[in-house]
Amino acid sequence: MKIILGILWMSMLVQSKSLMFQPLDCADIYNDSSFTSGVYLIYPAGPNSGHYVYCDMETDGGKWTVFQRRMDGTVNFYRGWDHYKNGFGHAAGEYWLGLETIHLLTLKKNYELRVDMEDFEGTKVYANYTSFGISLMAVNAEMDGYTLHVDGFQDGGAGDSLSYHSGSKFSTFDKDQDSYEGNCAVSYYGAYWYNSCYSSNPNGLYTWGADSQLGLNWRAWKSFVSVKSFSMMIRPVNLT
């Protein structure tokens, strides 16, 4: 009888901990002793805000929350504003987490950004930015255009193709907020923090390595040659 009661008590304790533990991001999950990369549930805005994300627990010490990932062209990224605001795709494969969720995360902690790329020959490079946020000072992030703020470039072989976009609002084919006289999202079949128009275009068409201005481009590294895989991920700074 004591053994049965003990098992029941332990089961209730585990369930209670599970209900109480609502990680904001992948760093919280890592700190709770989950060290394996994979799909996890995070809560950017309380108990009813659960979102599945891919957590990279290995790269440069891990704790990365991936908010954008391209790898094989299986998900259509040429989508409208509502899709980019709310997110689409699947965390186990290609996906976009959602501008509102990314914004909520960057309100809670100070984040750094890492951008990883691989070409079709297997060469891997990255770019790191020590400061990343979206509409951090805005009362209404959507009305502010989910403006990108990025700083502190550190080179991992990719060069810097993102600083040009800092201060830009996010644009889609049905919501033009760039500084170009036309619509960059329409011209380059993507959605991004376009300026006039781009130095990087990670949400462009998946063109399987073609030399095209419409592809997954990071101009400081490959000019207009589209890369094979692309991911953007954040983690809190000043981790102990």
Side-chain angles (χ1 to χ4, degrees), residues 8-71 75 82-116 126-138 140-142 144 146-152 154 170 202-203 229-240:
L8 289 172
W9 180 82
M10 286 297 295
S11 177
M12 290 173 63
L13 184 63
V14 169
Q15 291 179 24
S16 176
K17 180 182 179 182
S18 177
L19 290 172
M20 288 187 296
F21 180 56
Q22 295 175 349
L24 175 70
D25 56 19
C26 295
D28 286 349
I29 294 170
Y30 185 97
N31 292 335
D32 195 55
S33 302
S34 293
F35 308 130
T36 303
S37 296
V39 177
Y40 294 88
L41 193 61
I42 63 170
Y43 298 85
N48 297 319
S49 67
H51 283 271
Y52 285 103
V53 298
Y54 187 86
C55 295
D56 183 329
M57 302 301 200
E58 301 166 9
T59 301
D60 188 27
K63 306 185 181 183
W64 297 99
T65 301
V66 178
F67 69 79
Q68 187 268 11
R69 190 161 68 148
R70 311 287 299 275
M71 58 178 62
V75 173
D82 288 344
H83 285 263
Y84 273 93
K85 174 185 175 181
N86 299 313
F88 58 86
H90 303 282
E94 296 195 328
Y95 80 108
W96 173 265
L97 180 58
L99 290 164
E100 185 64 23
T101 300
I102 303 167
H103 162 68
L104 290 172
L105 287 173
T106 60
L107 283 182
K108 305 291 179 62
K109 297 179 181 180
N110 295 322
Y111 284 94
E112 64 176 313
L113 168 72
R114 179 174 168 123
V115 184
D116 279 278
Y126 71 90
N128 196 85
Y129 298 84
T130 58
S131 177
F132 171 84
I134 297 178
S135 292
L136 296 177
M137 305 302 293
N140 186 310
E142 184 172 13
D144 186 55
Y146 293 111
T147 300
L148 172 69
H149 300 282
V150 64
D151 198 9
Q154 297 174 332
F170 201 90
N203 296 327
S229 66
F230 204 109
S231 68
M232 305 179 79
M233 53 191 185
I234 56 176
R235 71 177 175 188
V237 297
N238 301 321
L239 290 170
T240 56

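Since the model is a prediction, treat every value here as computed from it, not as a measurement.
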Straight-line distance of [X] [atom1] to [Y] [atom2], nearest 0.5 Å:
| X | Y | atom1 | atom2 | value |
| --- | --- | --- | --- | --- |
| Asp82 | Leu99 | CG | CG | 11.0 Å |
| Leu148 | Leu113 | CG | CG | 8.5 Å |
| Ser229 | Glu94 | OG | CD | 10.0 Å |
| Leu107 | Leu136 | CG | CG | 6.5 Å |
| Thr101 | Asn86 | OG1 | CG | 8.0 Å |
| Phe88 | Leu97 | CZ | CG | 10.5 Å |

Main-chain N/O of [Y] paired to [X] side chain as donor or acceptor, under 3.5 Å:
| X | Y | value |
| --- | --- | --- |
| Glu100 | Lys85 | no |
| Arg69 | His90 | no |
| Tyr54 | Tyr95 | no |

- Message: Is it the case that over 12 heavy atoms from other parts of the model lie below 6.0 angstrom from the CG atom of Asn110?
- Response: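 No.
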
Do [X] and [Y] have side chains that get closer than 4.5 Å, going by heavy atoms?
| X | Y | result |
| --- | --- | --- |
| Thr130 | Val237 | no |
| Ser34 | Tyr40 | yes |
| Pro236 | Asp25 | yes |

Does the ring center of [X] lie less than 6.0 Å from the ring center of [Y]?
| X | Y | result |
| --- | --- | --- |
| Tyr126 | Trp64 | no |
| Phe132 | Phe67 | yes |
| Phe35 | Tyr30 | yes |

[X] versus [Y], closest heavy-atom pair with distance:
| X | Y | result |
| --- | --- | --- |
| Ala127 | Tyr129 | CB-CE1, 3.8 Å |
| Gln68 | Pro202 | NE2-O, 3.2 Å |
| Met233 | Val66 | CB-CA, 3.7 Å |
| Ser49 | Pro44 | O-CD, 3.1 Å |

- Message: Name the residue from Val115, Asn203, Asp116 that meets the side-chain contact (heavy atoms from CB on, under 4.5 Å) definition with Phe230.
- Response: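 Only one of Val115, Asn203, Asp116 forms a side-chain contact (heavy atoms from CB on, under 4.5 Å) with Phe230, namely Val115.
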
- Message: Consider side-chain contact (heavy atoms from CB on, under 4.5 Å). Of Thr65, Val39, Leu105, which one does Val53 pass it with?
- Response: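 Result for side-chain contact (heavy atoms from CB on, under 4.5 Å) with Val53: Thr65.
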
- Task: Determine, stepwise, if the pair Cys26 / Met57 fulfils side chain to side chain contact (heavy atoms under 4.5 Å, CB included).
- Result: CA-CA 8 Å; Cys26 295; Met57 302 301 200; 4.2 Å; yes

- Start with the C-alpha distance between Asp60 and Arg235, add both sets of side-chain angles, then the distance that settles side chain to side chain contact (heavy atoms under 4.5 Å, CB included), and finish with yes or no. CA-CA 11 Å; Asp60 188 27; Arg235 71 177 175 188; 3.2 Å; yes

- Query: Given His149 and Asp151, is the side chain to side chain contact (heavy atoms under 4.5 Å, CB included) satisfied, shown in steps?
  - Reply: CA-CA 7 Å; His149 300 282; Asp151 198 9; over 6 Å; no

- Message: Would you call the rings of Tyr146 and His103 parallel, tilted or perpendicular, taking 30° and 60° as the class edges?
- Response: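 Ring orientation, 0 to 90° scale: perpendicular.
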
- Query: Under the criterion side chain to side chain donor-acceptor pair (under 3.5 Å), which of Asn140, Thr106, Asp144 is the partner of Ser135?
  - Reply: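 With Ser135 as partner, Asn140, Thr106, Asp144 yield a single side chain to side chain donor-acceptor pair (under 3.5 Å), made by Asp144.
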
- Item | Pair Trp96-Val75, side chain to side chain contact (heavy atoms under 4.5 Å, CB included): steps then yes or no | CA-CA 10 Å; Trp96 173 265; Val75 173; over 6 Å; no

- Message: Regarding Lys108 and Asp28, does a basic nitrogen lie under 4.0 Å from an acidic carboxylate oxygen?
- Response: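 Salt bridge between Lys108 and Asp28, a charged N being under 4.0 Å from a carboxylate O: no.
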
